[in-house]
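Worksheet: the structure to be examined is printed underneath.
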Amino acid sequence: MSLTSVVVPTTPIEGQKPGTSGLRKKVKVFMEPNYTENFIQCLLDAQGEKLQGSTLVLGGDGRYYTTKCIRLTIKIAAANGVSKLIIGQRGLLSTPAVSSLIRTYKVLGGIVLTASHNPGGIRNDFGIKYNIENGGPAPDHLSHRIYDLTTTIKQYKIVHDLDCEFQEIGTHSFQVDGKEFTVEVIDPTDNYVELMKSIFDFPKLKTLIRGTDGQPPFNVLIDSMNGVTGVYVKRIFLDELNSGQDSAVRYIPLDNFGEIHPDPNLTYAKDLVDSVKNNESFDFGAAFDGDGDRNMIIGKRAFFVTPSDSLAVLANNLECIPYFKKNGVHGFARSMPTAAAVDRVAQKLNKEMFEVPTGWKYFGNLMDAGRLSLCGEESFGTGSDHIREKDGIWAVLAWLSVIEYKRKGVEDILKEHWQLYGRNYFTRYDYEECESDAASDMMQHLEGLIKTGEIVGKSFSDSGKQYKIKKMDNFSYTDPIDNSEAMNQGVRILFEDGSRLIFRLSGTGSSGATIRVYIDSYEKENVTADAQAMLKPLVNIGLQISKLKEFTGREEPTVIT
Ligand code: G16
């Protein structure tokens, strides 16, 4: 079919600045005239000359507005000289799967349609992320370029008559402005399943899950929270590992996630926690977010593994995973607010250790340089250099590999780890949808404390515990590979005993401001106390110093993880 592109005049629309990972707004904002068109055009323009004749991967978590956005993106990409789009059937591709496809097919990049762990449906959020050639999230300089273009855009190009279905697997060819344009609709799971099979020992994992003559089955409960991982869970757990129908729940992707908040933590994945707690037969539970890059791990009776501990345990046991046996283990990394449990493992194993700002994009350069094998974030992200995104299903398979290797349950593995290394108690308090002005006033107040420096050396006490401030700053980072700088990445209050309080505003919300308070404290001996009780005095001190209640009027956090 021979088609012609047209140029449509437009004007800049305010507020198209990408956050921690892409642009996230309410669906109704994306539906406003030219909103999506403008952003896609700028995202493509930001690629410069490399766009002509390029191939891009396109797909997402299937949330409301995905279909409309894919149709638009096909029309705009074709008009802008893209040669080929690789699209997941029905528009479905998890974020890790996009990363893997970009790397396997060595294409220019990928457009991921998701607002990740944010709720979906017509009244909730939609999002657009861009991933670069290495498969990782757009680095800051590219996001800034996209944003700058949105502030000056005057026109977008589109092929109005290009209608291409993507419900069925197949290849469609068109002539656009005299050039070939192809849409290849692929199975969303094939490439990713192959990758997982090349990393892990599937026969061993199957034996663990099914049991053998000498060993009972290891019963898992995997909750996809109605997000896109459902299609991967079906292939990997139900079909390949034969884990049984009872082992997977909420694995049909829904465009509104069944009206739940697809964020795998103790609050929003409470159904999973309750199911595992109330059913003694489950040995393990895991949940993922909408686009499949986050994970939560729990053991028998819902024993909770903090993401910081999850990272440390995996770091300590990577040799049981064939991929690392073959490729070796280079350094480890974590985001700044993540508790430093993995640092202790790095020290013992004599590996390089990096502390980066919040955001997976900061790990990419280190991986590309061969200095980083495993990394994670307290925000329920864990992953390795097999791709350039965090990877929920990978994390579960990694945990099952450790369990198979050690022949121990989750709780025993954690307790053994703490005995060896001591324990970093960690919790995060989220105050969601605060008034933006109130939240930034609170951050200003904290900045003021940094500026005067008077707080350093002062002691604070609560419930009989005393903490003395050693240092207070706003975290900044210089990338060791390209020397790029990221400033103001979170206010840190560091205490004499190594405990930390961190304050930052979330960069993934779609309205208002979410204040995150991270609390981290290390104990060498006392490793089995209740984390919330243990950290309460520090929480109170944090509230006192930040005046959070006074600024926001909030008595309690909305989420504690
Ligand atoms: C995104 C990034 C993560 C980051 C998280 C932080 O997660 O990909 O690397 O840790 O945001 O979120 P916030 O800025 O809200 O604290 P996701 O899963 O939303 O893509």
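Just follow the structure's listing: the first ligand is 1, and inside any ligand the first atom is 1.
- Interface of Thr358 with ligand 1, defined as ligand atoms under 4.0 Å from a residue heavy atom, comprises 4 (C), 6 (C), 10 (O).
- Close approach to Gly507 involves these atoms of ligand 1, each under 4.0 Å from a residue heavy atom: 13 (P), 14 (O), 15 (O).
- Ring planes of Phe126 and Phe30: perpendicular class, angle over 60° (limits at 30 and 60°).
- Using 4.0 Å as the threshold, Gly381 has no heavy atom nearer than that to any atom of ligand 1.
- If you number the atoms of ligand 1 from 1 as listed, the ones under 4.0 Å from a heavy atom of Asp289 come out as 18 (O).
- A salt bridge between Arg516 and Glu377 is absent, with no side-chain N of the basic residue lying under 4.0 Å from a carboxylate O of the acidic one.
- The nearest heavy-atom contact from the protein to atom 5 (C) of ligand 1 is Arg294 NH2, 3.6 Å.
- The proximity of His117 to ligand 1, defined as any non-hydrogen pair under 4.0 Å, is limited to the side chain.
- The shortest separation from a heavy atom of Lys390 to ligand 1 is under 4.0 Å, placing the residue in contact.
- Atoms of ligand 1 found under 4.0 Å from any heavy atom of Arg516, numbered from 1 in the order shown, are 13 (P), 15 (O), 16 (O).
- Atoms of ligand 1 lying under 4.0 Å from at least one heavy atom of Trp360, given by number and element, are 9 (O).
- The aromatic rings of Tyr268 and His261 lie parallel to each other, with less than 30° between the two planes, well short of the 60° mark.
- Of the heavy atoms in Ser506, both backbone and side-chain atoms come closer than 4.0 Å to ligand 1.
- The shell of residues lying under 4.0 angstrom from ligand 1, judged by heavy atoms, excludes Glu432.
- Using a 4.0 Å cut-off between heavy atoms, Thr514 makes no contact with ligand 1 at all.
- Of the heavy atoms in Arg428, none comes closer than 4.0 Å to ligand 1.
- Ligand-side atoms of ligand 1 in range of Ser116: 17 (P), 18 (O), 19 (O), 20 (O), range being under 4.0 angstrom from any heavy atom.
- The aromatic rings of Phe200 and Trp394 are tilted relative to each other, their planes meeting at an angle between 30° and 60°.
- Taking each of Thr114, Asp430, Thr508 in turn, the one with a heavy atom nearest to atom 15 (O) of ligand 1 proves to be Thr508.
- Contact atoms of ligand 1 toward Arg504: 13 (P), 14 (O), 16 (O) (distance under 4.0 Å to a heavy atom of the residue).
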